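Just so it is clear, the model here is predicted, and its values are computed rather than measured. Basis for what follows: all heavy atoms, side chains included, without hydrogens, waters or symmetry-related copies.
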Amino acid sequence: WSSDVCSSDLPVSGAVTFEYTLPAEANVNISIFDMYGRKVSTVMQAVQQAGAKKVRLNPVGMSGSKLEKGVYLIKLKTGYGSAGQKIVIN
């Protein structure tokens, strides 16, 4: 399986596109963590079919409010492994 976060090299102020490919059906969990390792948002928690996926993430916290400026980690976790990507919110 593979994953890639588009627009991750630049600071973002809006939505971020997260792309990944699943080799088979899997439980998918996408979460956002602050740089202290605290989970600030669960973006997705679902079973997905095999194939290429594209998820548009709006960086918001658990309360639904926009995340504060700073550095965050988007983490994709499946039964096949996990991947993370740093993003900067400005």
Engineer: Output, in order, the C-alpha distance, side-chain angles, deciding distance and verdict of side chain to side chain contact (heavy atoms under 4.5 Å, CB included) for Y72 and V40.
Structural biologist: CA-CA 9 Å; Y72 295 88; V40 296; 4.2 Å; yes
Engineer: Within a strict 4.5 Å, meaning less than it, do heavy atoms of the V55 and L57 side chains meet?
Structural biologist: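 Result yes, sub-4.5 Å side-chain heavy-atom pair found.
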Engineer: Search all heavy atoms of R56 against all heavy atoms of T17 and return the closest pair with its distance.
Structural biologist: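 It is NH1-OG1, 4.2 Å.
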Engineer: Let's go through E25 and V47 carefully: what are the C-alpha distance in whole Å and the side-chain angles of both, what is the deciding distance for side chain to side chain contact (heavy atoms under 4.5 Å, CB included) to 0.1 Å, and is it a yes or a no?
Structural biologist: CA-CA 7 Å; E25 181 179 281; V47 174; 3.6 Å; yes
Engineer: Got a second to check how far K39's NZ is from N29's CG, nearest 0.5 Å?
Structural biologist: 5.5 Å
Engineer: Grab the two heavy atoms, one from A50 and one from A24, that are nearest each other, plus how far apart they are.
Structural biologist: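 For A50 and A24, the tightest heavy-atom pair comes out as CB-CA, 3.5 Å.
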Engineer: Is it the case that over 12 heavy atoms from other parts of the model lie below 6.0 angstrom from the NZ atom of K75?
Structural biologist: no
Engineer: Under a 4.5 Å cut-off applied to non-hydrogen side-chain atoms, are I32 and L73 in contact?
Structural biologist: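 Not in contact.
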Engineer: Rounded to the nearest 0.5 Å, what separation is found between the CD1 atom of I87 and the CD1 atom of I89?
Structural biologist: 4.0 Å
Engineer: Under a 3.5 Å threshold, yes or no: a donor from one side chain and an acceptor from the other, between Y20 and Q48?
Structural biologist: yes
Engineer: How close do S82 and K77 get, counting heavy atoms only, and between which atoms?
Structural biologist: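 The pair with the smallest heavy-atom distance is CB-CA, 4.1 Å.
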Engineer: Looking at every heavy atom in both I74 and I30, which two are closest together, and how far apart are they?
Structural biologist: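 That would be CG2-CG2, 3.9 Å.
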Engineer: Is a side-chain donor or acceptor of T42 paired with a backbone partner of M44 at a separation under 3.5 angstrom?
Structural biologist: no
Engineer: Measure the shortest side-chain to side-chain distance between V28 and L76 over non-hydrogen atoms and say whether it is less than 4.5 angstrom.
Structural biologist: yes
